[in-house]
S.K.: 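So that we are looking at the same thing, I have put the structure below in structure tokens.
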Amino acid sequence: TDAGSLQTVTRAFRTARNLNLPLVLHVTGTRPFAVDASLAIRDLALNHRPATVGLLSGSCASDHLDLMATDVIVAAPDLTLSASRPTPYSATEARQSGIVDLIANDDLDAQLAKEITRIGRLTPARRLDLRHRTMDQRGSETGAAVEAARVELLDLHEIRDHLRKSMED
């Protein structure tokens, strides 16, 4: 992306933020973004309080996943995502590996509207918390339930240690 494109994206995020509108970040193309542009777009998406949906379509570079600090990532059926392996990921393989959350059907607009409505029901604080957690877990081999159990177990250990310390005092 060039400086003019980055300004356009920044302006769109600011307008959506000022009007408290949800946003769809549609990314396509095989050329990766410049690092500074990628970080700027990622920060804008990460801090956008209304619902944010990422849409990957066509041929995409794996670097584009860095931009997807969104509540949900939707893959168009024609997605091919380049990776370090010899063959690119298809939309189905990306869904199976946890890279994307769902694959769009023929009525993309209706599906995006449904996801925006679903995400919009959450409070902004809860939405941002889930967005951060999702980013940490995306593409990991540990399932969400296992990760939630691990976090809860760590919290219980912390409570136990705190109680033990207060009993000693």
Side-chain angles (χ1 to χ4, degrees), residues 1-83 88-140 143-144 147-148:
T1 184
D2 58 6
S5 298
L6 181 58
Q7 288 175 347
T8 303
V9 170
T10 303
R11 189 176 315 118
F13 268 101
R14 286 187 181 144
T15 302
R17 183 189 63 215
N18 291 339
L19 297 175
N20 199 30
L21 295 173
L23 195 80
V24 176
L25 179 59
H26 184 186
V27 178
T28 189
T30 56
R31 281 188 37 217
F33 289 88
V35 173
D36 58 336
S38 180
L39 290 174
I41 294 169
R42 183 175 187 262
D43 288 343
L44 288 169
L46 192 60
N47 295 314
H48 188 68
R49 293 187 69 76
T52 307
V53 176
L55 174 62
L56 294 171
S57 68
S59 295
C60 289
S62 60
D63 292 350
H64 291 155
L65 293 174
D66 294 338
L67 303 172
M68 294 291 128
T70 57
D71 298 307
V72 65
I73 298 177
V74 178
D78 66 341
L79 174 68
T80 55
L81 185 63
S82 66
Y89 283 95
S90 67
T92 304
E93 291 171 327
R95 171 68 181 105
Q96 290 171 346
S97 64
I99 295 171
V100 299
D101 298 306
L102 58 106
I103 300 172
N105 55 25
D106 293 335
D107 194 2
L108 179 63
D109 291 339
Q111 195 162 11
L112 291 174
K114 179 182 171 185
E115 287 301 311
I116 289 170
T117 302
R118 182 185 64 78
I119 296 164
R121 292 183 186 130
L122 302 171
T123 64
R126 178 79 173 139
R127 188 171 30 251
L128 290 174
D129 181 49
L130 286 174
R131 191 177 300 163
H132 286 272
R133 281 192 194 166
T134 302
M135 285 207 42
D136 289 342
Q137 295 173 352
R138 188 155 317 278
S140 72
E147 181 64 20

S.K.: Give a yes or no on whether the backbone of Ile119 and the side-chain of Asp71 come within a donor-acceptor separation of less than 3.5 Å.
M.R.: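 Not confirmed, Asp71 side chain does not pair with Ile119 backbone.
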S.K.: Indicate the atoms forming the closest heavy-atom contact of Ala51 with Gly120, along with that distance.
M.R.: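 Looks like CB-N, 4.3 Å.
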S.K.: I need the minimum non-hydrogen distance between Asn20 and Pro50, along with the two atoms involved.
M.R.: OD1-CG, 3.1 Å
S.K.: Please report the interatomic distance OG(Ser82) to CG(Asp63), rounded to the nearest 0.5 Å.
M.R.: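 Interatomic distance, Ser82 OG to Asp63 CG, rounded to 0.5 Å: 7.5 Å.
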S.K.: For the residue pair Ala61 and Pro32, what are the closest heavy atoms and their distance?
M.R.: CB-N, 4.4 Å
S.K.: State, yes or no, whether a side-chain contact exists between His26 and Leu56 at a heavy-atom distance under 4.5 Å.
M.R.: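 A side-chain contact is absent here, since even the closest heavy-atom pair is not under 4.5 Å.
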S.K.: Looking only at heavy atoms, what is the nearest atom pair of Cys60 and Leu79, with distance?
M.R.: SG-CD1, 3.8 Å
S.K.: About how many Å separate CG of Leu6 and CZ of Arg11, when rounded to the nearest 0.5 Å?
M.R.: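 Rounded to the nearest 0.5 Å, the CZ-CG separation comes out at 10.5 Å.
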S.K.: Roughly how far, to the nearest 0.5 Å, is the OG atom of Ser5 from the CD1 atom of Ile41?
M.R.: 8.5 Å
S.K.: When rounded to the nearest 0.5 angstrom, what is the spacing between CZ in Phe13 and CG in Asp43?
M.R.: 10.5 Å
S.K.: What's the shortest heavy-atom distance between Val53 and Glu115, and which atoms?
M.R.: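 Looking at all heavy atoms of both residues, the closest pair is CG2-CB, 4.5 Å.
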S.K.: Measuring from Leu81:CG to Thr30:OG1, what's the distance to the nearest 0.5 Å?
M.R.: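 It comes to 11.5 Å.
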S.K.: Any side-chain heavy atom of Arg118 within less than 4.5 Å of one from Val72?
M.R.: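 They are in side-chain contact.
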S.K.: Using the side-chain contact (heavy atoms from CB on, under 4.5 Å) rule, take Leu25 and Leu55 through it: C-alpha gap first, then chi angles, then the decisive distance, then the call.
M.R.: CA-CA 6 Å; Leu25 179 59; Leu55 174 62; over 6 Å; no
S.K.: Measure from the side-chain N and O atoms of Thr28 to the backbone N and O of Ser57, and report whether any donor-acceptor pair falls under 3.5 Å.
M.R.: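 Present.
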S.K.: Can you tell me if Asn18 has over 12 outside heavy atoms packed within less than 6.0 Å of its CG?
M.R.: yes
S.K.: Can you find a pair of side-chain heavy atoms, one from Met68 and one from Val27, that are under 4.5 Å apart?
M.R.: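 The answer is yes; the side chains approach within 4.5 Å.
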S.K.: Quick check: closest heavy atoms across His48 and Ala16, and the distance to 0.1 Å?
M.R.: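 In terms of heavy atoms, the two residues are closest at CE1-CB, 3.6 Å.
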S.K.: Below 4.5 Å, heavy atoms only, C-beta onward: do Leu65 and Ile99 meet side chain to side chain?
M.R.: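 A side-chain contact exists here, since the closest heavy-atom pair is under 4.5 Å.
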S.K.: State the CZ-OH distance between Arg95 and Tyr89, to the nearest 0.5 angstrom.
M.R.: 14.5 Å
S.K.: May I ask you to test the Ile116-Val24 pair for a side-chain heavy-atom distance under 4.5 Å?
M.R.: yes
